[in-house]
Amino acid sequence: MRTVIVGSVLAVIGAAAGCRASTAHAPAGPAAASPDATPAASTAAANASAEPAQARDRTPAPSLVREDGEALFVQPLGFLLGPHIAAGRDSVVVAASGGCNDERGPLVGGVRDPGSFVVLAKLDNAGAKIWTKTFFAPCGAAPTDGMAHAIAGVGLDRDGNIYLAGDLNFESGPIDFGGGALASAGGTDIFVASFDASGQHRWSKRFGAGADQHLAALAVSPEGLVAIAGSLEGGADFGGGVVTSAGKSDALVVVLDSKGQHIASHAFGDAGDQHGDLVAFGGQGELTLAGRYEGTIDFGGGRLPAGGKTGSQFLAQYQDNGPGSSPRYGFAFSKALPGDVTVGALAGGWAATYAAGEFKGVADFGGGPLKAHEPDNKNAGRADAFVVKLDSAGKHVFSKAFGLGGTHRIEALALAGDLWIAGEFSGMTRFGETMVSAGGDDALLVHLDADKGEVKRAWRFGDTFAQDVLGLASGGSPSSLFLLARTTGTIDFGTGPQSARGAFVVRMAIGTNPVVYDGAAPNSPKSAGDGGAP
(Lines give C-alpha, C1' and ligand atoms only; values in the text may rest on other atoms or scores of the structure.)
Protein backbone atom coordinates (compact mmCIF):
# COMPACT_ATOMS: atom_id res chain seq x y z
CA MET A 1 0.00 0.00 0.00
CA ARG A 2 1.25 3.49 -0.70
CA THR A 3 2.49 5.50 2.22
CA VAL A 4 3.24 9.05 3.34
CA ILE A 5 6.23 8.33 3.41
CA VAL A 6 5.24 6.47 0.18
CA GLY A 7 6.61 3.39 -1.41
CA SER A 8 5.72 0.10 -2.88
CA VAL A 9 7.43 -3.09 -3.98
CA LEU A 10 9.57 -2.44 -7.03
CA ALA A 11 8.26 -4.33 -10.07
CA VAL A 12 9.59 -4.65 -13.61
CA ILE A 13 6.80 -3.72 -16.03
CA GLY A 14 8.66 -3.73 -19.34
CA ALA A 15 12.01 -3.40 -21.08
CA ALA A 16 13.87 -0.36 -22.29
CA ALA A 17 12.79 1.05 -25.61
CA GLY A 18 14.52 4.11 -27.23
CA CYS A 19 15.65 7.37 -25.75
CA ARG A 20 12.50 9.40 -26.03
CA ALA A 21 12.02 11.55 -22.96
CA SER A 22 10.49 14.95 -22.52
CA THR A 23 9.22 17.33 -19.90
CA ALA A 24 5.97 19.27 -20.08
CA HIS A 25 5.60 22.49 -18.13
CA ALA A 26 2.42 24.10 -16.88
CA PRO A 27 2.56 27.90 -16.77
CA ALA A 28 4.30 29.30 -13.72
CA GLY A 29 2.64 31.68 -11.31
CA PRO A 30 3.58 35.03 -9.75
CA ALA A 31 31.77 18.54 -3.26
CA ALA A 32 32.07 14.82 -2.56
CA ALA A 33 31.73 13.63 1.08
CA SER A 34 34.52 12.08 3.09
CA PRO A 35 34.35 8.39 4.08
CA ASP A 36 32.47 7.66 7.28
CA ALA A 37 32.36 3.91 7.67
CA THR A 38 31.88 1.82 10.77
CA PRO A 39 33.08 -1.73 11.50
CA ALA A 40 30.86 -4.62 10.49
CA ALA A 41 28.74 -6.21 13.18
CA SER A 42 27.55 -9.81 13.02
CA THR A 43 25.85 -12.58 14.93
CA ALA A 44 25.18 -16.21 14.05
CA ALA A 45 21.75 -15.18 12.81
CA ALA A 46 22.49 -11.94 10.97
CA ASN A 47 25.26 -9.57 10.06
CA ALA A 48 25.65 -5.97 8.94
CA SER A 49 28.34 -4.35 6.84
CA ALA A 50 29.28 -0.68 6.58
CA GLU A 51 31.06 0.73 3.56
CA PRO A 52 32.78 4.09 3.10
CA ALA A 53 32.01 6.54 0.34
CA GLN A 54 33.56 5.58 -2.98
CA ALA A 55 35.86 7.85 -4.93
CA ARG A 56 33.17 8.75 -7.45
CA ASP A 57 32.44 12.37 -8.28
CA ARG A 58 28.87 12.91 -9.39
CA THR A 59 29.03 16.63 -8.63
CA PRO A 60 28.30 18.79 -11.72
CA ALA A 61 30.94 21.36 -12.62
CA PRO A 62 30.88 24.60 -10.62
CA SER A 63 28.56 27.34 -11.94
CA LEU A 64 26.48 24.83 -13.93
CA VAL A 65 23.05 26.38 -14.46
CA ARG A 66 19.97 24.25 -13.92
CA GLU A 67 16.48 25.44 -14.83
CA ASP A 68 13.32 24.71 -12.83
CA GLY A 69 12.45 21.02 -12.97
CA GLU A 70 15.94 19.86 -13.94
CA ALA A 71 18.03 17.52 -11.83
CA LEU A 72 20.98 18.66 -9.74
CA PHE A 73 21.93 15.01 -9.38
CA VAL A 74 20.52 11.61 -10.32
CA GLN A 75 21.61 8.60 -8.25
CA PRO A 76 20.56 5.15 -9.58
CA LEU A 77 19.42 2.61 -6.98
CA GLY A 78 18.80 -0.42 -9.18
CA PHE A 79 16.00 -2.89 -8.56
CA LEU A 80 15.80 -2.63 -4.78
CA LEU A 81 12.49 -3.48 -3.11
CA GLY A 82 10.30 -0.86 -1.45
CA PRO A 83 12.73 2.09 -1.52
CA HIS A 84 12.01 5.12 0.70
CA ILE A 85 13.78 8.46 1.22
CA ALA A 86 13.99 11.17 3.88
CA ALA A 87 15.74 14.54 3.66
CA GLY A 88 17.56 16.71 6.19
CA ARG A 89 19.38 20.03 6.04
CA ASP A 90 22.25 18.82 3.89
CA SER A 91 21.63 15.18 3.01
CA VAL A 92 19.15 12.55 1.91
CA VAL A 93 18.77 9.06 3.40
CA VAL A 94 17.72 6.03 1.34
CA ALA A 95 16.33 2.76 2.72
CA ALA A 96 15.34 -0.37 0.81
CA SER A 97 15.50 -4.15 1.00
CA GLY A 98 15.96 -7.26 -1.13
CA GLY A 99 15.44 -11.00 -1.15
CA CYS A 100 18.01 -13.76 -1.11
CA ASN A 101 18.56 -13.68 -4.87
CA ASP A 102 18.15 -9.93 -5.38
CA GLU A 103 20.96 -7.57 -6.31
CA ARG A 104 21.80 -4.83 -3.83
CA GLY A 105 22.18 -2.08 -6.43
CA PRO A 106 24.93 0.48 -7.11
CA LEU A 107 24.88 2.02 -3.61
CA VAL A 108 26.53 -1.12 -2.25
CA GLY A 109 29.78 -2.46 -3.73
CA GLY A 110 31.86 -5.51 -3.05
CA VAL A 111 31.05 -9.21 -3.16
CA ARG A 112 27.40 -10.21 -2.82
CA ASP A 113 26.92 -11.69 0.66
CA PRO A 114 24.35 -14.46 1.05
CA GLY A 115 21.01 -13.66 2.63
CA SER A 116 18.15 -11.24 2.30
CA PHE A 117 19.10 -7.71 3.23
CA VAL A 118 18.17 -4.17 4.25
CA VAL A 119 20.20 -1.26 2.84
CA LEU A 120 20.48 2.12 4.56
CA ALA A 121 22.53 4.84 2.83
CA LYS A 122 23.21 8.55 3.28
CA LEU A 123 24.01 10.90 0.38
CA ASP A 124 25.07 14.52 0.53
CA ASN A 125 23.39 17.35 -1.41
CA ALA A 126 25.67 16.68 -4.37
CA GLY A 127 24.60 13.03 -4.54
CA ALA A 128 27.90 11.68 -3.21
CA LYS A 129 27.67 8.70 -0.88
CA ILE A 130 28.60 9.50 2.73
CA TRP A 131 28.06 5.99 4.07
CA THR A 132 26.14 2.80 3.40
CA LYS A 133 25.12 0.06 5.81
CA THR A 134 23.81 -3.33 4.75
CA PHE A 135 22.11 -5.65 7.23
CA PHE A 136 21.73 -9.33 6.32
CA ALA A 137 19.37 -12.11 7.33
CA PRO A 138 19.99 -15.80 6.55
CA CYS A 139 18.16 -17.59 3.78
CA GLY A 140 16.57 -21.01 4.00
CA ALA A 141 17.53 -24.12 2.08
CA ALA A 142 15.60 -22.94 -1.00
CA PRO A 143 15.88 -19.13 -1.06
CA THR A 144 13.51 -17.17 -3.27
CA ASP A 145 13.48 -13.59 -4.49
CA GLY A 146 10.40 -12.83 -2.43
CA MET A 147 12.02 -13.52 0.94
CA ALA A 148 12.77 -10.01 2.15
CA HIS A 149 12.07 -7.87 5.19
CA ALA A 150 9.90 -5.01 3.89
CA ILE A 151 10.62 -1.32 4.50
CA ALA A 152 7.60 0.84 5.41
CA GLY A 153 9.42 4.14 5.85
CA VAL A 154 12.48 6.10 6.90
CA GLY A 155 12.60 9.49 8.62
CA LEU A 156 14.89 12.05 10.25
CA ASP A 157 14.57 14.29 13.28
CA ARG A 158 16.06 17.79 13.63
CA ASP A 159 19.26 16.35 15.13
CA GLY A 160 19.86 14.11 12.13
CA ASN A 161 18.92 10.87 13.89
CA ILE A 162 17.50 8.29 11.48
CA TYR A 163 14.43 6.12 12.10
CA LEU A 164 13.67 3.00 10.06
CA ALA A 165 10.59 0.78 10.26
CA GLY A 166 9.04 -2.15 8.43
CA ASP A 167 7.98 -5.78 8.52
CA LEU A 168 9.94 -8.77 9.77
CA ASN A 169 9.16 -11.67 7.45
CA PHE A 170 9.14 -14.99 9.32
CA GLU A 171 10.63 -16.82 6.31
CA SER A 172 13.48 -14.30 6.01
CA GLY A 173 15.00 -15.18 9.37
CA PRO A 174 16.42 -12.88 12.08
CA ILE A 175 18.18 -9.61 11.28
CA ASP A 176 20.53 -7.55 13.44
CA PHE A 177 20.57 -3.75 13.08
CA GLY A 178 23.29 -3.47 15.70
CA GLY A 179 21.45 -4.13 18.95
CA GLY A 180 20.98 -7.89 18.68
CA ALA A 181 19.07 -10.16 16.31
CA LEU A 182 15.36 -9.43 15.77
CA ALA A 183 13.25 -12.41 14.70
CA SER A 184 9.57 -12.76 13.92
CA ALA A 185 7.53 -14.60 16.52
CA GLY A 186 5.49 -16.13 13.69
CA GLY A 187 3.88 -14.65 10.60
CA THR A 188 4.84 -11.03 10.03
CA ASP A 189 6.06 -8.80 12.88
CA ILE A 190 7.01 -5.11 13.05
CA PHE A 191 10.45 -3.63 13.59
CA VAL A 192 11.54 -0.07 14.39
CA ALA A 193 15.22 0.94 14.53
CA SER A 194 17.12 4.18 15.05
CA PHE A 195 20.61 5.29 14.04
CA ASP A 196 22.57 8.46 14.64
CA ALA A 197 23.69 10.81 11.86
CA SER A 198 26.82 8.72 11.22
CA GLY A 199 24.81 5.50 10.91
CA GLN A 200 25.64 4.12 14.36
CA HIS A 201 22.93 2.00 16.00
CA ARG A 202 20.93 3.77 18.74
CA TRP A 203 18.16 1.26 19.41
CA SER A 204 16.03 -1.36 17.63
CA LYS A 205 12.85 -3.17 18.64
CA ARG A 206 10.51 -5.90 17.45
CA PHE A 207 6.77 -5.96 18.08
CA GLY A 208 4.38 -8.82 17.38
CA ALA A 209 3.01 -12.21 18.34
CA GLY A 210 1.97 -15.34 16.47
CA ALA A 211 -0.47 -13.63 14.10
CA ASP A 212 0.35 -11.06 11.41
CA GLN A 213 1.20 -7.48 12.28
CA HIS A 214 1.86 -5.39 9.17
CA LEU A 215 3.42 -1.93 8.96
CA ALA A 216 2.48 0.45 6.12
CA ALA A 217 3.84 3.88 7.09
CA LEU A 218 6.18 5.84 9.35
CA ALA A 219 6.34 9.53 10.30
CA VAL A 220 8.93 11.35 12.40
CA SER A 221 8.43 14.69 14.14
CA PRO A 222 11.26 17.26 14.40
CA GLU A 223 11.84 16.37 18.06
CA GLY A 224 12.06 12.65 17.28
CA LEU A 225 8.58 11.27 18.00
CA VAL A 226 8.04 8.18 15.86
CA ALA A 227 4.57 7.25 14.59
CA ILE A 228 3.89 4.00 12.76
CA ALA A 229 0.66 2.86 11.12
CA GLY A 230 -0.48 -0.47 9.78
CA SER A 231 -2.74 -3.38 10.63
CA LEU A 232 -2.97 -5.72 13.60
CA GLU A 233 -4.21 -9.29 13.85
CA GLY A 234 -4.45 -10.92 17.26
CA GLY A 235 -2.60 -8.97 19.93
CA ALA A 236 0.75 -7.25 20.42
CA ASP A 237 2.43 -5.24 23.16
CA PHE A 238 4.15 -2.04 22.03
CA GLY A 239 5.22 -1.12 25.55
CA GLY A 240 1.93 0.11 26.97
CA GLY A 241 0.15 -3.21 27.40
CA VAL A 242 -1.31 -5.65 24.89
CA VAL A 243 -3.35 -4.10 22.07
CA THR A 244 -5.88 -6.58 20.64
CA SER A 245 -7.71 -6.71 17.33
CA ALA A 246 -11.51 -6.78 17.48
CA GLY A 247 -11.76 -9.05 14.44
CA LYS A 248 -9.83 -9.98 11.33
CA SER A 249 -7.49 -7.01 11.11
CA ASP A 250 -7.66 -3.65 12.88
CA ALA A 251 -6.14 -0.31 11.88
CA LEU A 252 -3.10 0.29 14.08
CA VAL A 253 -1.25 3.43 15.18
CA VAL A 254 1.68 3.54 17.61
CA VAL A 255 3.79 6.47 18.86
CA LEU A 256 7.26 6.03 20.39
CA ASP A 257 9.63 8.67 21.74
CA SER A 258 13.08 9.33 20.31
CA LYS A 259 14.54 6.59 22.52
CA GLY A 260 11.99 3.99 21.41
CA GLN A 261 9.87 4.19 24.56
CA HIS A 262 6.10 3.78 24.33
CA ILE A 263 3.89 6.89 24.27
CA ALA A 264 0.63 5.64 22.75
CA SER A 265 -0.77 2.62 20.91
CA HIS A 266 -4.26 1.84 19.72
CA ALA A 267 -6.17 -0.44 17.34
CA PHE A 268 -9.42 0.58 15.65
CA GLY A 269 -11.98 -1.72 14.06
CA ASP A 270 -14.73 -4.29 14.32
CA ALA A 271 -15.13 -7.86 13.05
CA GLY A 272 -14.22 -6.79 9.49
CA ASP A 273 -10.95 -5.66 7.95
CA GLN A 274 -9.45 -2.26 8.77
CA HIS A 275 -6.02 -0.97 7.79
CA GLY A 276 -3.91 2.05 8.66
CA ASP A 277 -2.15 3.09 5.46
CA LEU A 278 -0.71 6.57 6.08
CA VAL A 279 0.38 8.63 9.08
CA ALA A 280 1.66 12.20 9.48
CA PHE A 281 2.61 14.72 12.16
CA GLY A 282 1.35 18.30 11.91
CA GLY A 283 3.13 21.53 12.75
CA GLN A 284 1.63 21.58 16.28
CA GLY A 285 2.22 17.88 16.95
CA GLU A 286 -1.14 16.71 15.60
CA LEU A 287 -1.23 13.07 14.60
CA THR A 288 -3.24 12.17 11.48
CA LEU A 289 -4.08 8.65 10.33
CA ALA A 290 -5.55 7.58 6.97
CA GLY A 291 -6.63 4.14 5.85
CA ARG A 292 -9.41 1.78 4.81
CA TYR A 293 -12.22 0.07 6.63
CA GLU A 294 -15.05 -2.40 6.19
CA GLY A 295 -18.00 -2.53 8.54
CA THR A 296 -17.80 0.29 11.10
CA ILE A 297 -14.97 2.05 12.90
CA ASP A 298 -14.82 4.52 15.81
CA PHE A 299 -11.82 6.78 16.49
CA GLY A 300 -13.39 8.41 19.54
CA GLY A 301 -15.98 10.69 17.96
CA GLY A 302 -18.62 8.07 17.18
CA ARG A 303 -18.89 5.35 14.57
CA LEU A 304 -18.29 6.31 10.96
CA PRO A 305 -20.85 5.19 8.36
CA ALA A 306 -20.60 1.54 7.35
CA GLY A 307 -17.97 0.91 4.74
CA GLY A 308 -20.04 -1.48 2.61
CA LYS A 309 -18.77 -4.41 0.57
CA THR A 310 -16.01 -2.47 -1.12
CA GLY A 311 -15.04 -0.55 2.03
CA SER A 312 -14.38 3.15 2.58
CA GLN A 313 -11.42 5.41 3.26
CA PHE A 314 -11.04 7.35 6.51
CA LEU A 315 -9.15 10.29 7.96
CA ALA A 316 -8.72 10.69 11.73
CA GLN A 317 -6.74 13.23 13.70
CA TYR A 318 -5.61 13.57 17.33
CA GLN A 319 -4.27 16.70 19.01
CA ASP A 320 -1.07 16.51 21.02
CA ASN A 321 -1.80 17.34 24.66
CA GLY A 322 1.91 17.60 25.42
CA PRO A 323 4.50 15.53 27.31
CA GLY A 324 3.25 14.14 30.61
CA SER A 325 -0.44 14.46 29.64
CA SER A 326 -2.75 11.51 30.03
CA PRO A 327 -3.83 10.71 27.45
CA ARG A 328 -1.06 12.21 25.35
CA TYR A 329 -3.33 12.43 22.30
CA GLY A 330 -6.91 13.66 22.35
CA PHE A 331 -9.51 13.10 19.64
CA ALA A 332 -9.85 15.99 17.17
CA PHE A 333 -11.91 14.68 14.24
CA SER A 334 -12.63 11.68 12.05
CA LYS A 335 -14.48 11.32 8.79
CA ALA A 336 -15.33 8.82 6.10
CA LEU A 337 -14.16 10.03 2.71
CA PRO A 338 -16.67 10.19 -0.12
CA GLY A 339 -17.31 7.86 -3.02
CA ASP A 340 -14.70 5.96 -4.95
CA VAL A 341 -11.68 7.72 -3.40
CA THR A 342 -8.15 6.41 -2.79
CA VAL A 343 -5.83 8.45 -0.57
CA GLY A 344 -2.26 7.92 -1.74
CA ALA A 345 -0.40 10.60 0.22
CA LEU A 346 -0.77 12.59 3.44
CA ALA A 347 1.05 15.51 5.06
CA GLY A 348 0.56 17.73 8.09
CA GLY A 349 1.13 21.48 7.99
CA TRP A 350 0.60 24.27 10.51
CA ALA A 351 -3.00 23.74 11.72
CA ALA A 352 -3.76 22.01 8.42
CA THR A 353 -3.85 18.55 6.89
CA TYR A 354 -3.28 17.80 3.21
CA ALA A 355 -4.37 14.60 1.46
CA ALA A 356 -4.00 13.64 -2.19
CA GLY A 357 -4.94 10.67 -4.32
CA GLU A 358 -7.30 9.71 -7.10
CA PHE A 359 -11.04 9.20 -7.51
CA LYS A 360 -13.77 8.12 -9.90
CA GLY A 361 -17.30 9.46 -10.26
CA VAL A 362 -18.25 12.30 -7.92
CA ALA A 363 -16.58 13.20 -4.62
CA ASP A 364 -17.47 16.01 -2.21
CA PHE A 365 -14.84 16.77 0.44
CA GLY A 366 -16.91 19.62 1.89
CA GLY A 367 -16.48 22.31 -0.76
CA GLY A 368 -19.00 21.02 -3.28
CA PRO A 369 -18.95 18.05 -5.65
CA LEU A 370 -15.88 17.30 -7.76
CA LYS A 371 -16.69 15.30 -10.88
CA ALA A 372 -14.02 13.07 -12.40
CA HIS A 373 -13.62 12.88 -16.15
CA GLU A 374 -14.81 9.67 -17.72
CA PRO A 375 -11.58 7.72 -18.25
CA ASP A 376 -10.55 6.91 -21.80
CA ASN A 377 -9.88 3.40 -20.54
CA LYS A 378 -13.31 2.24 -19.35
CA ASN A 379 -11.71 -0.57 -17.34
CA ALA A 380 -9.35 1.75 -15.46
CA GLY A 381 -9.55 1.44 -11.70
CA ARG A 382 -8.65 5.10 -11.24
CA ALA A 383 -9.38 8.35 -12.99
CA ASP A 384 -8.77 11.95 -11.86
CA ALA A 385 -6.32 13.19 -9.24
CA PHE A 386 -7.38 15.24 -6.23
CA VAL A 387 -5.80 17.26 -3.45
CA VAL A 388 -7.68 18.46 -0.37
CA LYS A 389 -6.78 20.71 2.56
CA LEU A 390 -8.56 20.54 5.93
CA ASP A 391 -8.12 22.81 8.94
CA SER A 392 -7.38 21.65 12.50
CA ALA A 393 -11.08 20.93 13.08
CA GLY A 394 -11.32 18.82 9.94
CA LYS A 395 -13.24 21.48 8.03
CA HIS A 396 -12.80 21.98 4.32
CA VAL A 397 -10.33 24.66 3.19
CA PHE A 398 -9.96 23.69 -0.46
CA SER A 399 -10.31 20.67 -2.73
CA LYS A 400 -9.12 20.44 -6.32
CA ALA A 401 -9.51 17.83 -9.04
CA PHE A 402 -7.21 17.35 -12.04
CA GLY A 403 -7.59 15.27 -15.17
CA LEU A 404 -8.67 15.15 -18.80
CA GLY A 405 -9.62 11.55 -19.49
CA GLY A 406 -6.33 9.93 -18.49
CA THR A 407 -5.65 7.93 -15.34
CA HIS A 408 -3.61 9.01 -12.33
CA ARG A 409 -1.93 7.61 -9.25
CA ILE A 410 -0.73 10.10 -6.62
CA GLU A 411 1.87 8.50 -4.37
CA ALA A 412 3.68 11.39 -2.68
CA LEU A 413 2.99 14.76 -1.10
CA ALA A 414 5.42 17.21 0.52
CA LEU A 415 5.44 20.70 2.02
CA ALA A 416 8.55 22.51 0.80
CA GLY A 417 7.87 26.24 0.67
CA ASP A 418 4.63 25.32 -1.09
CA LEU A 419 2.69 22.12 -1.72
CA TRP A 420 4.06 19.37 -3.97
CA ILE A 421 2.36 16.21 -5.19
CA ALA A 422 3.82 13.45 -7.36
CA GLY A 423 3.02 10.08 -8.86
CA GLU A 424 2.15 8.94 -12.36
CA PHE A 425 -0.40 9.45 -15.13
CA SER A 426 -1.24 7.98 -18.50
CA GLY A 427 -3.17 9.44 -21.40
CA MET A 428 -4.19 13.10 -21.16
CA THR A 429 -4.33 15.31 -18.08
CA ARG A 430 -4.43 18.96 -17.14
CA PHE A 431 -2.45 20.63 -14.36
CA GLY A 432 -2.63 24.27 -15.44
CA GLU A 433 -2.12 23.23 -19.05
CA THR A 434 -2.63 20.01 -20.97
CA MET A 435 -0.03 17.24 -20.73
CA VAL A 436 -0.02 13.95 -22.68
CA SER A 437 1.96 10.90 -21.62
CA ALA A 438 4.54 9.51 -24.04
CA GLY A 439 2.74 6.16 -24.32
CA GLY A 440 2.83 4.37 -21.00
CA ASP A 441 2.63 5.76 -17.48
CA ASP A 442 4.73 8.92 -17.09
CA ALA A 443 6.22 10.26 -13.86
CA LEU A 444 4.45 13.39 -12.60
CA LEU A 445 5.54 16.29 -10.36
CA VAL A 446 3.18 19.19 -9.56
CA HIS A 447 3.84 22.43 -7.64
CA LEU A 448 0.75 24.00 -6.01
CA ASP A 449 0.01 26.99 -3.83
CA ALA A 450 -0.38 25.66 -0.27
CA ASP A 451 -3.07 28.20 0.66
CA LYS A 452 -5.44 27.86 -2.30
CA GLY A 453 -4.39 24.72 -4.13
CA GLU A 454 -3.78 26.51 -7.44
CA VAL A 455 -1.26 24.90 -9.80
CA LYS A 456 1.97 26.85 -10.24
CA ARG A 457 3.92 24.44 -12.43
CA ALA A 458 3.84 20.82 -13.51
CA TRP A 459 6.37 18.45 -15.05
CA ARG A 460 6.18 15.04 -16.65
CA PHE A 461 9.05 12.62 -17.23
CA GLY A 462 8.94 9.47 -19.33
CA ASP A 463 8.99 7.48 -22.55
CA THR A 464 6.74 4.76 -23.98
CA PHE A 465 7.36 2.47 -21.00
CA ALA A 466 6.39 2.93 -17.34
CA GLN A 467 7.70 5.65 -15.01
CA ASP A 468 6.45 7.02 -11.72
CA VAL A 469 7.44 8.99 -8.63
CA LEU A 470 7.23 6.87 -5.47
CA GLY A 471 8.21 9.48 -2.91
CA LEU A 472 9.12 13.09 -2.16
CA ALA A 473 11.36 14.43 0.60
CA SER A 474 12.45 17.91 1.54
CA GLY A 475 14.68 19.65 4.04
CA GLY A 476 11.95 22.29 4.26
CA SER A 477 12.54 24.43 1.14
CA PRO A 478 12.06 23.88 -2.61
CA SER A 479 15.82 23.93 -3.15
CA SER A 480 16.09 20.72 -1.10
CA LEU A 481 13.37 18.79 -2.92
CA PHE A 482 14.23 15.14 -3.63
CA LEU A 483 12.29 12.69 -5.79
CA LEU A 484 12.28 8.92 -5.53
CA ALA A 485 11.49 7.91 -9.11
CA ARG A 486 11.30 4.62 -10.99
CA THR A 487 11.48 3.65 -14.65
CA THR A 488 11.32 0.52 -16.80
CA GLY A 489 12.47 2.43 -19.87
CA THR A 490 14.42 5.66 -20.38
CA ILE A 491 13.80 8.83 -18.38
CA ASP A 492 15.24 12.34 -18.67
CA PHE A 493 15.25 14.74 -15.71
CA GLY A 494 16.66 17.55 -17.83
CA THR A 495 20.26 16.36 -17.75
CA GLY A 496 20.10 13.74 -20.50
CA PRO A 497 18.46 10.31 -20.82
CA GLN A 498 18.93 7.86 -17.97
CA SER A 499 19.06 4.39 -19.50
CA ALA A 500 19.58 2.48 -16.24
CA ARG A 501 16.27 0.96 -15.24
CA GLY A 502 14.96 0.70 -11.71
CA ALA A 503 14.75 3.40 -9.03
CA PHE A 504 16.55 6.76 -8.76
CA VAL A 505 17.04 9.45 -6.15
CA VAL A 506 16.84 12.84 -7.87
CA ARG A 507 17.52 16.26 -6.40
CA MET A 508 15.55 18.86 -8.35
CA ALA A 509 16.39 22.47 -9.15
CA ILE A 510 13.27 24.32 -8.07
CA GLY A 511 12.98 28.11 -7.83
CA THR A 512 11.64 31.17 -9.58
CA ASN A 513 14.98 31.76 -11.34
CA PRO A 514 17.60 29.50 -12.90
CA VAL A 515 19.66 27.82 -10.19
CA VAL A 516 23.46 28.03 -10.18
CA TYR A 517 24.63 24.68 -8.87
CA ASP A 518 27.52 24.69 -6.41
CA GLY A 519 27.05 21.34 -4.68
CA ALA A 520 25.09 22.85 -1.76
CA ALA A 521 21.49 23.93 -1.25
CA PRO A 522 21.13 26.76 -3.80
CA ASN A 523 19.70 30.16 -2.97
CA SER A 524 18.23 29.18 0.40
CA PRO A 525 19.23 28.96 4.05
CA LYS A 526 19.58 25.58 5.67
CA SER A 527 16.44 24.34 7.40
CA ALA A 528 15.59 21.43 9.65
CA GLY A 529 14.47 18.13 8.17
CA ASP A 530 10.77 17.45 7.90
CA GLY A 531 10.78 13.79 8.87
CA GLY A 532 11.20 12.27 5.45
CA ALA A 533 9.30 11.34 2.38
CA PRO A 534 5.57 11.84 2.47
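Along the sequence shown, residues carry numbers from 1. The figures that follow rest on heavy atoms only: side chains count, while hydrogens, waters and symmetry mates do not.
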Whether R89 side chain and R158 backbone form a donor-acceptor pair below 3.5 Å
yes

Give a yes or no on whether the backbone of G475 and the side-chain of S480 come within a donor-acceptor separation of less than 3.5 Å.
yes

Using the side chain to side chain contact (heavy atoms under 4.5 Å, CB included) rule, pick out the option among D167, I151, V254 that qualifies with L215.
D167

Side chains of E286 and D320 in contact at under 4.5 Å (non-hydrogen atoms):
no

Quick one: NZ on K452 to NZ on K389, what's the gap to the nearest 0.5 Å?
11.0 Å

For D157 versus P222, what's the shortest heavy-atom pair and its separation?
CB-O, 3.3 Å

Atom CG of D463 and atom CG of D492: how far apart are they, to the nearest 0.5 Å?
10.5 Å

Spacing of CG belonging to L445 relative to CE belonging to M508, to within rounding of 0.5 Å:
6.0 Å

Taking atom CG of L484 and atom CG of L77, what is their separation to the nearest 0.5 Å?
6.5 Å

Within the 3.5 Å criterion, strictly below it, is a donor on T490 or Q498 matched to an acceptor on the partner's side chain?
no

Please confirm whether Y163 and F195 have ring centers closer than 6.0 angstrom.
no

Separation between CG of D442 and CD1 of I491, rounded to the nearest 0.5 Å:
8.0 Å

May I ask you to decide whether R486 forms a salt bridge with D468, counting only side-chain N to carboxylate O separations under 4.0 Å?
yes

Taking the six-membered ring for Trp and the full ring for Phe, Tyr or His, determine whether the centres of F398 and F365 are under 6.0 Å apart.
no

Close side-chain approach of K400 and E454, heavy atoms under 4.5 Å:
yes

Is the side chain of K122 donor-acceptor paired with the backbone N or O of A197 at a distance under 3.5 Å, no angle test?
yes

To the nearest 0.5 Å, what is the distance between CZ (F402) and CD1 (I421)?
6.0 Å

Closest non-hydrogen atom pair between L218 and V154, with its separation
CD2-C, 3.8 Å

Does the side chain of F425 reach to within under 4.5 Å of the side chain of R460, using non-hydrogen atoms?
yes

Does E223 form a side chain to side chain donor-acceptor pair (under 3.5 Å) with S258? I'd like the steps, not just the answer.
CA-CA 7 Å; E223 62 268 36; S258 63; over 6 Å; no

Given the side-chain rings of F493 and F482, with only the six-membered ring counted for Trp, is the space between their centroids under 6.0 Å?
no

For the residue pair V220 and L156, what are the closest heavy atoms and their distance?
CG1-O, 3.6 Å

Is a side-chain donor or acceptor of H447 paired with a backbone partner of A458 at a separation under 3.5 angstrom?
no

Given V506, which partner from the list L483, L72, V469 fulfils the side chain to side chain contact (heavy atoms under 4.5 Å, CB included) test?
L483

Within the 4.5 Å heavy-atom criterion, are F465 and R501 side-chain neighbours or not?
no

Let's go through S426 and T407 carefully: what are the C-alpha distance in whole Å and the side-chain angles of both, what is the deciding distance for side chain to side chain donor-acceptor pair (under 3.5 Å) to 0.1 Å, and is it a yes or a no?
CA-CA 5 Å; S426 64; T407 60; 2.7 Å; yes

Shortest non-hydrogen contact from G462 toward A438
O-CB, 4.0 Å

Side-chain donor/acceptor of S194 to backbone N/O of I162, under 3.5 Å:
yes

Is there a donor-acceptor contact under 3.5 Å from the side chain of S437 to the main chain of D441?
no

Flag, side chain of R507 to backbone of A126, donor-acceptor distance under 3.5 Å:
no

Applying the side chain to side chain contact (heavy atoms under 4.5 Å, CB included) criterion to L164, which one of V93, V118, V192 satisfies it?
V118

Is there a side-chain contact (heavy atoms from CB on, under 4.5 Å) between R202 and N161? Walk through the geometry before answering.
CA-CA 9 Å; R202 297 177 66 229; N161 295 313; 3.6 Å; yes

Whether the H149 and N169 side chains hold a donor-acceptor pair (N or O, under 3.5 Å, no angle test) is what I'd like checked.
no

Quick one: are V255 and V226 in side-chain contact, heavy atoms under 4.5 Å?
no

Within the distance-only criterion (no hydrogens, no angle test), does the side chain of Y354 pair as donor or acceptor with the backbone N or O of A450 below 3.5 angstrom?
yes

Between F359 and D384, is a side-chain contact (heavy atoms from CB on, under 4.5 Å) present by the stated rule, with each step listed?
CA-CA 6 Å; F359 74 105; D384 282 9; 3.8 Å; yes

Does F504 form a side-chain contact (heavy atoms from CB on, under 4.5 Å) with T487? I'd like the steps, not just the answer.
CA-CA 8 Å; F504 298 84; T487 180; 3.4 Å; yes

Check: L470 and P83 side chains under 4.5 Å, non-hydrogen atoms:
yes

Tell me, do L225 and L256 make a side-chain contact under 4.5 Å, heavy atoms counted?
no

Is the side chain of E424 donor-acceptor paired with the backbone N or O of H408 at a distance under 3.5 Å, no angle test?
no

For E103 and F79, what are the C-alpha separation, side-chain angles and deciding distance, and is it a side-chain contact (heavy atoms from CB on, under 4.5 Å)?
CA-CA 7 Å; E103 293 301 319; F79 290 100; over 6 Å; no

So do the side chains of L168 and I175 get within less than 4.5 Å of each other, counting heavy atoms only?
yes

If you compare all heavy atoms of P76 against all heavy atoms of P106, which two are closest, and at what distance to 0.1 Å?
O-CG, 3.2 Å

Restricting to non-hydrogen atoms, name the atom on L120 and the atom on A95 that form the minimum distance, rounded to 0.1 Å.
CD1-CB, 4.0 Å

